[in-house]
Amino acid sequence: MTGEEIETLARKAKDQPAGEFHLPDLYGDGWDALPIGQKVAKGNAFLRLVRRGDVPDIEDTGTKAGGGRIYRKKDS
């Protein structure tokens with residue numbers, strides 16, 4: 001994942017309403033057009049960022065549903 005993508009996702013995460021979401025919801029347009037390998041790589045990179053605390057107020061719920069990992073935006 002590029003630095004620009006990380007910054008974009010962090011900015012979108014900041015604007016995300018509190019509650020649960022999947023990475024494609026945050027990523028937005030273009031996610032469906034990515035090859036599966038890129039989706040997996042971007043998903044793994046985002047998970048590592050979240051677990052390291054590099055995406056403020058976002059946590060990994062440790063669960064998957066609807067085809068992907070579920071994240072949660074904490075109430076501010």
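All of these numbers come straight from a predicted model, not from anything done at the bench. Reckoned from all heavy atoms, side chains included, excluding hydrogens, waters and symmetry mates.
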- request: Kindly write out the residues that satisfy side chain to side chain contact (heavy atoms under 4.5 Å, CB included) with E7, not counting sequence neighbours, or none if the list is empty.
  value: none

Qualifying side-chain hydrogen bond (donor to acceptor under 3.5 Å, both in side chains) pairs, either residue in residues 13-24, two or more places apart: E20-R72

- request: Determine which pairs satisfy side-chain hydrogen bond (donor to acceptor under 3.5 Å, both in side chains) with at least one residue from residues 34-53, sequence neighbours left out, and list them in order.
  value: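 Of all non-adjacent pairs touching residues 34-53, those that pass side-chain hydrogen bond (donor to acceptor under 3.5 Å, both in side chains) are E5-K42, R51-D60, R52-D54.
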
- request: Please list, chain by chain and in numerical order, all residues satisfying side chain to side chain donor-acceptor pair (under 3.5 Å) with T61, sequence neighbours excluded.
  value: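 T61 satisfies side chain to side chain donor-acceptor pair (under 3.5 Å) with T63 once adjacent residues are dropped.
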
query: What residue pairs, at least two apart or across chains, pass salt bridge (Lys or Arg N to Asp or Glu O under 4.0 Å) with a residue in residues 23-34?
result: none

- line: The remaining residues in the hydrophobic cluster of L23, counting side-chain heavy-atom contacts under 4.5 Å among Ile, Leu, Val, Met, Phe, Trp and Tyr, are M1, I6, L9, F21, L26, Y27, W31, L34, F46, L47, L49, V50, V55, I58, Y71

